[in-house]
S.K.: 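The structure follows.
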Amino acid sequence: MNLHQRASGVLLHVTSLPGPHGIGDFGPEAYHFVDWLAAAGQSLWQWLPTTPIGPANSPYQSVSAFAGSPLMVALEPLVAQGWLAAPVLPAGGFDPRRVDFERVVPWRLAQLRAAFAGFEARASVAEREALAQWQLAQAYWLDDYALFMALETAHAGRCWWEWAPPLCRREAAALAAARRTHAAEIGFWQFVQWCFDTQAAALKAHANQRGVHIMGDLPIFVAHHSADCWARPDLYELDEAWQPTVVAGVPPDDLGPLGQRWGNPLYRWDRMAAEDYAWWTARVHRALDHADVFRIDHFRGFAGYYEIPASSPTAQEGRWLPGPGQALFDAIARRLGELPIVAEDLGLITPDVIALRDGCGFPGMKILQFAFGGDGTHEFLPHNYGPHFLVYTGTHDNETARGWWDNAPERERAYAGAYLATDAANVHWAMIRAACNSVANIAVCQFQDVLGLDSRHRMNTPGTVGEANWSWRFEWGMVGSEPGRVLGLITAASGRGPLALLGLPA
């Protein structure tokens, strides 16, 4: 995707798609959504991370930086291939507008295990060969991940540093014995990842054929309990008991007097540099298997990152340290060529972050909801943008446009009403129109904003843990014909989509 041309798109996580199996996936509804995007003149579909979910169902705390989420593997293709019987839904089915992770996760994994058994019993020679070739190509991350998952299952979900010391130390004899003992379980996890890859590739190909590009999302840090930490503990700030000595987060600010203590282990950037950033190169290469372009979360951490003592319960104690800077991205580009990366440059942005972003040639982000707390000089107001940015009405961490209006301070709401010439009923379209009419090369809106939904449909509230986070879904009955038509008109009129959508006379 050319990030220097005018385009627009929609932010909607895969898990938010409709479908009968409890959570959105790479099945028929994903193809239908691509077709909807194309009909509305959109050329970008942005996802959240597609790695396995972690604690509190977050896609930003995964057990692997390389693996795909088993929950996104569609069941319909497995039925069509003859590996799985038509799934029988649990009593009462699933909520079509919320993901009930406690019910969905075990049910979906049971279906995948049944599909693996079907594959083992009935797969053709060609299908077995396709899996074997894929396993060879992905061995650089797959072998450790599948063994990690098999061992996690054998240890009833306990964290890897609580396993037997020879496994924690990755002694060759212990690993070899584990691979023999857990061969079937390892095979299952590899099969699931093959299904994920083949389905993701097919969906991406369909999207590209319709003129829609896929935008992924890459968290900067990995979880402590992850195949990545277990496989290469030397690349992280861990002590002899494999516990973090320092952790990631951000310091106190106006939004939080305690700051944010994320708890992720921090990288040993010196050791990564000594290997010419091979781990990061492999990670970016893997991300580009599934997306045409991707956002890197917390980009400022590459210029300078905040180090919190692991013993500190909050982020009040900590210090800033220099990150790897442009040397990291230069090393990756030497291997992979020009990098289609968007820098999530929000939060405390200092001159070194801007210099790194611009030195790498990465576009940054603007959030329209943030624009109305000051005056006409505010950097997030559309008339102050430059072209090399992506402008969002809001991201998954923000309110919906309608929800923002309902909950904004009176002064901000009044300013927005005057600037956007709007009211509560139309603020979502006014924000989308302002974003699209700006000079920013790319304009993106949440799908909730296309539908004009309120705060009950918010995807995530940062700093909170609850059932509402990450669980939102829609049904096609909520959409109708009008949102796509209006979005197409705005897109075409702003030079981001086919002029034919305007229906102008010849």
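Note that these values count all heavy atoms, side chains included, but never hydrogens, waters or copies made by symmetry.
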S.K.: Testing the basics here: between Pro52 and Gly68, what is the closest heavy-atom pair and its distance to 0.1 Å?
M.R.: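 Where Pro52 meets Gly68 most closely, the heavy atoms are CG-O, 3.6 Å.
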
S.K.: Between His290 and Trp47, is the ring centroid distance below 6.0 Å?
M.R.: no

S.K.: To the nearest 0.5 Å, how far apart are NE2 in His457 and CD in Gln446?
M.R.: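 Separation between the atoms: 12.0 Å.
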
S.K.: Roughly how far, to the nearest 0.5 Å, is the CZ atom of Arg473 from the CE atom of Met478?
M.R.: 11.0 Å

S.K.: Give every residue pair that meets the side chain to side chain donor-acceptor pair (under 3.5 Å) criterion with at least one member in residues 93-103, sequence neighbours excluded.
M.R.: Arg97-Glu475, Arg98-Ser471

S.K.: So which atom in Ala492 and which in Leu501 form the shortest heavy-atom distance, rounded to 0.1 Å?
M.R.: CB-CB, 3.9 Å

S.K.: To the nearest 0.5 Å, what is the distance between CG on Leu487 and CZ on Arg496?
M.R.: 11.5 Å

S.K.: How long is the gap from CZ on Arg232 to CG on Leu238, to the nearest 0.5 Å?
M.R.: 12.0 Å

S.K.: For Asp297 and Ile220, work out which heavy atoms get closest and say how close.
M.R.: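 Looks like O-CB, 3.3 Å.
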
S.K.: Are Glu275 and Thr281 packed together at the side-chain level, in the sense that at least one heavy-atom pair is separated by less than 4.5 angstrom?
M.R.: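 Side chain of Glu275 against side chain of Thr281, heavy atoms only: no contact under 4.5 Å found.
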
S.K.: Taking Gln199 for its side chain and Ala74 for its backbone only, find out whether a donor-acceptor pair lies under 3.5 Å.
M.R.: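 Yes: the side chain of Gln199 pairs with the backbone of Ala74.
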
S.K.: How are the rings of Trp476 and Phe447 set to each other: parallel, tilted or perpendicular (split at 30° and 60°)?
M.R.: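 It falls in the perpendicular class, over 60°.
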
S.K.: Thr153 side chain to Met149 main-chain N or O, any donor-acceptor pair under 3.5 Å?
M.R.: yes

S.K.: Quick one: which residue pairs count as a side chain to side chain donor-acceptor pair (under 3.5 Å) with a foot in residues 10-28, not counting sequence neighbours?
M.R.: Asp25-Arg108

S.K.: Within the structure provided, determine whether His225 and Trp161 are in side-chain contact (heavy-atom separation under 4.5 Å).
M.R.: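 They are in contact (side-chain heavy atoms under 4.5 Å apart), so the answer is yes.
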
S.K.: Does NE2 belonging to His206 count more than 12 external heavy atoms closer than 6.0 Å?
M.R.: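 Yes.
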
S.K.: So, Arg286 and Gln138: side-chain donor and acceptor under 3.5 Å apart, yes or no?
M.R.: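 A pair is found: one side chain offers a donor N or O, the other an acceptor, under 3.5 Å apart.
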
S.K.: Considering non-hydrogen atoms only, spot the tightest contact between Val293 and Pro340 and give its length.
M.R.: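 Closest heavy-atom pair between Val293 and Pro340: CG2-O, 2.9 Å.
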
S.K.: With side chains defined as the heavy atoms from C-beta onward, is the minimum distance between Thr50 and Ser69 less than 4.5 Å?
M.R.: no

S.K.: Donor-acceptor pair, distance only, cut-off 3.5 Å: does the side chain of His428 make one with the backbone of Asp454?
M.R.: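 Here the side-chain-to-backbone pair does not exist.
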
S.K.: Determine, for Asp289 against Lys204, whether the closest basic-nitrogen to carboxylate-oxygen distance falls under 4.0 angstrom.
M.R.: no

S.K.: Could you report the tightest heavy-atom contact between Leu151 and Ala178, atom names first, then the distance?
M.R.: CD2-CB, 4.0 Å

S.K.: Under a 4.5 Å cut-off applied to non-hydrogen side-chain atoms, are Tyr392 and Gln46 in contact?
M.R.: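 Yes, their side chains come closer than 4.5 Å.
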
S.K.: To the nearest 0.5 Å, what is the distance between CG on Leu390 and CD on Glu344?
M.R.: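 Nearest 0.5 Å value for the CG-CD distance: 12.0 Å.
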
S.K.: Within the structure provided, determine whether Gln190 and Asp143 are in side-chain contact (heavy-atom separation under 4.5 Å).
M.R.: yes

S.K.: Do Asn460 side-chain atoms and Asn469 backbone N/O form a donor-acceptor pair below 3.5 Å?
M.R.: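 Such a contact is absent between Asn460 side chain and Asn469 backbone.
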
S.K.: Are any of the side-chain heavy atoms of Leu11 and Trp45 separated by less than 4.5 Å?
M.R.: no

S.K.: Say whether, by atom type as modelled, one donor and one acceptor occur between the side chain of Asp449 and the main chain of Ala401 under 3.5 angstrom.
M.R.: yes

S.K.: Is there a ring pair (Phe, Tyr, Trp, His ring centres under 6.0 Å) between Phe26 and Phe196? Walk through the geometry before answering.
M.R.: CA-CA 8 Å; Phe26 293 141; Phe196 178 95; 5.2 Å; yes

S.K.: Contact between Trp472 and Leu453 at the side-chain level, heavy atoms closer than 4.5 Å - yes or no?
M.R.: yes

S.K.: Examine Arg113 relative to Phe191 and say whether NZ or CZ is less than 6.0 Å from the centre of the six-membered ring and inside a 45° cone about the ring axis.
M.R.: no

S.K.: Do Trp262 and Tyr60 have their ring centres less than 6.0 Å from each other?
M.R.: no

S.K.: As a quick check of understanding, evaluate ring pair (Phe, Tyr, Trp, His ring centres under 6.0 Å) for Tyr267 and Tyr277, giving each step before the final call.
M.R.: CA-CA 11 Å; Tyr267 297 113; Tyr277 301 105; over 10 Å; no

S.K.: Parallel, tilted or perpendicular, judged at 30° and 60°: which one describes the rings of Phe362 and Phe329?
M.R.: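 Because their plane-to-plane angle is over 60°, the rings of Phe362 and Phe329 count as perpendicular.
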
S.K.: Are Trp280 and Ile332 close enough, and set up right, to give a side chain to side chain contact (heavy atoms under 4.5 Å, CB included), and what steps lead you there?
M.R.: CA-CA 7 Å; Trp280 269 97; Ile332 299 171; 4.1 Å; yes

S.K.: In Å and rounded to the nearest 0.5 Å, what is the CG to CG distance from Asp228 to Asp144?
M.R.: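 Asp228 CG to Asp144 CG: 9.0 Å, rounded to 0.5 Å.
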
S.K.: Quick one: side chain to side chain donor-acceptor pair (under 3.5 Å) pairs with a partner in residues 2-11, sequence neighbours left out?
M.R.: Ser8-Gln42

S.K.: Without swapping roles, check the side chain of Arg128 against the backbone of Glu120 for a donor-acceptor pair under 3.5 Å.
M.R.: yes

S.K.: Side chain of Gln369, backbone of Glu399: donor and acceptor closer than 3.5 Å?
M.R.: yes

S.K.: Does the pair Val450 and Trp429 meet the rule for a side chain to side chain contact (heavy atoms under 4.5 Å, CB included), with working shown?
M.R.: CA-CA 7 Å; Val450 178; Trp429 286 126; 4.1 Å; yes

S.K.: Taking the six-membered ring for Trp, are the ring centroids of Tyr145 and Phe66 within less than 6.0 Å of each other?
M.R.: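 Aromatic pair excluded; centres sit 6.0 Å or further apart.
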
S.K.: Quick one: is the NZ or CZ of Arg402 closer than 6.0 Å to the six-membered ring centre of Trp405, and within 45° of its axis?
M.R.: no

S.K.: Quick check on the 6.0 Å ring-centre criterion: do Phe148 and Trp163 meet it?
M.R.: yes

S.K.: Could you walk me through whether Met365 and Thr395 satisfy the side chain to side chain contact (heavy atoms under 4.5 Å, CB included) test, starting with their C-alpha distance in whole Å, then the side-chain angles of each, then the deciding distance to 0.1 Å, before giving a yes or no?
M.R.: CA-CA 10 Å; Met365 292 174 53; Thr395 74; 4.0 Å; yes

S.K.: Can you find a side-chain donor-acceptor pair between Trp189 and Gln193 that sits under 3.5 Å?
M.R.: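 Note: Trp189 and Gln193 side chains miss the donor-acceptor criterion.
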
S.K.: Indicate yes or no: at least one non-hydrogen side-chain atom of Phe116 is less than 4.5 angstrom from one of Val192.
M.R.: no

S.K.: So, for Pro265 and Val222, which heavy atoms are closest and what is the spacing to 0.1 Å?
M.R.: CD-O, 3.5 Å

S.K.: Mark yes when over 12 heavy atoms from residues, nucleotides or ligands other than Glu162 sit less than 6.0 Å from its CD; otherwise mark no.
M.R.: yes

S.K.: Among Leu3, Leu218, Ile296, exactly one meets side chain to side chain contact (heavy atoms under 4.5 Å, CB included) together with Val342. Which residue is that?
M.R.: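 Per the side chain to side chain contact (heavy atoms under 4.5 Å, CB included) rule, the option paired with Val342 is Leu3, out of Leu3, Leu218, Ile296.
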
S.K.: Please determine whether side chain to side chain contact (heavy atoms under 4.5 Å, CB included) holds for the pair Ser455 and Asp406, giving the CA-CA distance in whole Å, both sets of side-chain angles, and the decisive distance to 0.1 Å.
M.R.: CA-CA 8 Å; Ser455 59; Asp406 292 341; 5.7 Å; no

